[in-house]
2 protein chains.
Amino acid sequence: MTAGQSEGGERKYQRIANALRAAIDAGEYRPGDRLPGENDLMAAYQVARMTARQALSVLQSEGLAEARKGAGVFVRTFRPLRRRGIQRLAQGQWGTGRSVWSADLDEDRDIVVDGITVTEQDTPDHIADVLGLSEDERVCARSRRFVLDGKPVLLSTSYLPMSVVDGSAITQEDSGPGGVYARLAELGHAPARFREEIRSRMPTTTEAEDLRLATGTPVFLMCRTAFTEGGRAVEVNEMVLDAGSYILEYDFNA
Amino acid sequence: MTAGQSEGGERKYQRIANALRAAIDAGEYRPGDRLPGENDLMAAYQVARMTARQALSVLQSEGLAEARKGAGVFVRTFRPLRRRGIQRLAQGQWGTGRSVWSADLDEDRDIVVDGITVTEQDTPDHIADVLGLSEDERVCARSRRFVLDGKPVLLSTSYLPMSVVDGSAITQEDSGPGGVYARLAELGHAPARFREEIRSRMPTTTEAEDLRLATGTPVFLMCRTAFTEGGRAVEVNEMVLDAGSYILEYDFNA
DNA sequence: CAGTGGTCTAGACCACGTT
DNA sequence: ACGTGGTCTAGACCACTGC
């Protein structure tokens with residue numbers, strides 16, 4: 001047999017991938033350890049390079065392993081941040097109770113915000129829809145990047161109508177104490193209600209580069225809209241999150 | 001040149017993938033349309049089979065396209081459900097306001113719940129932690145599957161302490177009018193607060209089969225814990241969602 | 001510089017869906 | 001029967017990492 005899959009069992013690359021996965025689960029390889037490389041697998045299983053490669057790619061696309069060019073394939077580490085969707089924007093806070101997934105609570109982690117840019121620009125169509133703006137109205141776009149332990153984990157762009165924020169500190173890189181929402185309140189547009197919408201998909205090539213994502217890591221797309229008491233949408237914040245770096249949490253009453 | 005990447009530009013497979021992606025974005029290929037196959041790309045771009053294949057695999061891993069064995073590679077359709085995390089469990093409801101991503105509001109969609117099983121079993125460790133149960137206490141496990149238009153989109157397993165629910169309708173497949181939470185209320189353990197925790201990652205092989213996921217589709221892992229007024233956790237619901245089928249939405253006050 | 005993963009070629013057989 | 005994607009082989013050159 002030169003090639004082709006012969007009998008009714010599982011594929012060769014799956015057999016190899018399963019063996020490696022089992023070894024990881026069994027603790028034979030721990031997070032950060034180097035897995036057998038392409039050459040090792042070719043020798044051990046008597047397969048061609050591409051087959052060994054595909055086996056390793058299975059583990060990568062499952063998010064279990066991560067290839068580093070010129071170095072090897074390594075077992076991935078999962079140390080997510082916990083992002084509390086509601087408490088971070090509200091005051092009321094009920095007691096704790098055990099959490100399901102253990103996670104670092106933003107303590108002892110080196111989080112840096114960088115790459116802040118603020119521009120006035122034309123309003124993208126889908127943003128105009130949500131903010132209820134006409135075609136010719138412009139918006140203030142505030143972009144930021146969150147970097148955790150040297151790796152970017154979140155990209156954020158916030159859109160606010162120029163008709164609301166013009167002349168305020170919101171159009172400055174430093175929006176002042178209390179941030180954008182405090183300034184909105186001073187302008188008579190205090191956010192009273194929020195809506196967060198969440199999707200998840202594989203990243204585009206650009207997103208993967210910007211967030212330096214390992215292959216096999218999806219992203220969260222989060223879009224938060226802030227409404228005033230009167231029901232007007234005054235801010236839309238579009239975010240892209242490294243899904244491997246976050247646990248999203250929402251606490252609410254019945 | 002027999003092989004190898006020559007100059008400083010983008011890879012061949014990326015060039016092809018980018019061209020196809022642009023054509024999709026431009027509307028030349030619409031959702032459900034068949035894309036050029038491996039043979040077409042080999043001829044059009046003068047590349048080897050594996051290179052054409054890798055170009056198509058880029059689109060699949062981005063979730064843009066989907067391969068059907070023996071038929072071709074097709075542009076994916078994205079028609080997600082909207083799951084309102086808070087309103088579905090609370091009464092208060094403020095007005096609408098435009099939503100960012102258009103989505104079907106659970107209307108006009110054929111949603112079926114099947115595969116209901118209810119068992120009494122030993123408590124998995126991580127569930128015991130959250131429910132605050134000792135090792136020998138047992139739980140009632142209620143599993144369900146949601147099927148949308150013939151495709152499974154959500155797997156759910158709910159755990160409740162036997163010491164709380166024994167003898168009630170909760171241990172029956174049909175938990176009665178108002179469901180599990182109504183029964184818990186009757187038992188004096190009315191849920192007053194909820195916590196939902198969300199992660200996203202690529203599916204395991206098993207999850208991909210159970211949800212019949214196309215390659216390149218991540219899953220949401222959602223864990224909801226229900227607390228009584230006194231702060232006791234009385235239910236933990238672990239869910240696996242097809243991320244391509246859902247938009248998660250949380251509305252809350254400042 | 002030796003070894004690693006990343007890309008690429010030019011063939012092959014197979015299971016599957018459509019015709 | 002034919003074309004499709006899925007798997008597999010046995011080679012190759014390249015860029016990068018780590019010693």
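Remember, it's a predicted structure, so these values are computed and weren't measured experimentally. All values below were derived from every heavy atom in this structure, side-chain atoms included, with hydrogens, water molecules and symmetry-related copies excluded.
- A side-chain donor from one of A/Asn18 and A/Arg21 sits under 3.5 Å from a side-chain acceptor of the other.
- Regarding A/Gln14, its CD atom lies at a distance of 13 Å from the P atom of D/dG6, rounded to whole Å.
- Pairs passing the side chain to side chain donor-acceptor pair (under 3.5 Å) check and including a residue from residues 63-73 of chain A, sequence neighbours excluded, do not occur.
- Look at CD on A/Gln60: it is 11 Å from C1' on C/dG6, rounded to the nearest Å.
- Each of A/Asp114, A/Thr117, A/Asp210 was checked for a side chain to side chain donor-acceptor pair (under 3.5 Å) with A/Arg145, and the lone residue meeting it is A/Asp114.
- Using a cutoff of 4.0 Å between basic side-chain nitrogens and carboxylate oxygens, A/Glu173 and A/Arg144 are not scored as salt-bridged.
- Within residues 46-55 of chain B, the residues having any heavy atom closer than 4.0 Å to DNA chain D are, in order of number, B/Arg49, B/Met50, B/Arg53.
- The CD atom of A/Glu66 sits 13 Å away from the C1' atom of C/dG5 (whole-angstrom rounding).
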Worksheet item: Can A/Glu235 and A/Ser158 be said to form a side chain to side chain donor-acceptor pair (under 3.5 Å), step by step?
Response: CA-CA 7 Å; A/Glu235 187 221 16; A/Ser158 181; 2.5 Å; yes
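- Between A/Arg15 atom CZ and D/dT7 atom P the separation is 16 Å, expressed in whole Å.
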Item to complete: Please step through side chain to side chain donor-acceptor pair (under 3.5 Å) for the pair B/Asp242 and B/Thr217, ending with a clear verdict.
Response: CA-CA 7 Å; B/Asp242 171 4; B/Thr217 308; 4.9 Å; no
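- Sparse packing is recorded around CG of A/Asp125, with 12 or fewer heavy atoms of other residues, nucleotides or ligands lying under 6.0 Å away.
- A salt bridge between A/Arg83 and A/Glu249 is absent, with no side-chain N of the basic residue lying under 4.0 Å from a carboxylate O of the acidic one.
- Residues of residues 36-45 of chain A that place a heavy atom closer than 4.0 Å to DNA chain C, in numerical order, are A/Gly37, A/Glu38, A/Asn39.
- When the local axes at the two ends of the helix from C/dC1-D/dG18 to C/dT18-D/dA1 are compared, using 5 base pairs at each end, they differ in direction by 10° after rounding to 10°.
- Considering CD of A/Gln172 and CD1 of A/Ile116, their distance stands at 12.5 Å, rounded to 0.5 Å.
- Under 4.0 angstrom from either OP1 or OP2 of C/dC8 there lies no side-chain N or O belonging to B/Tyr13.
- Heavy atoms of other residues, nucleotides or ligands lying less than 6.0 angstrom from CZ of A/Arg138 number more than 12.
- When rounded to the nearest whole Å, the span between CD1 of B/Ile16 and C1' of C/dT7 equals 12 Å.
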Listed pairs, N/O of protein and of nucleotides 17-19 of chain C, under 3.5 Å:
none

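- Residues A/Leu41 and A/Ile16 have side chains in contact (heavy-atom distance under 4.5 Å, counting atoms from C-beta outward).
- The distance from the CE atom of A/Met239 to the CG atom of A/Leu155 is 11.0 Å, given to the nearest 0.5 Å.
- Residues satisfying the ring pair (Phe, Tyr, Trp, His ring centres under 6.0 Å) criterion with A/Tyr250, sequence neighbours excluded, are B/Tyr250.
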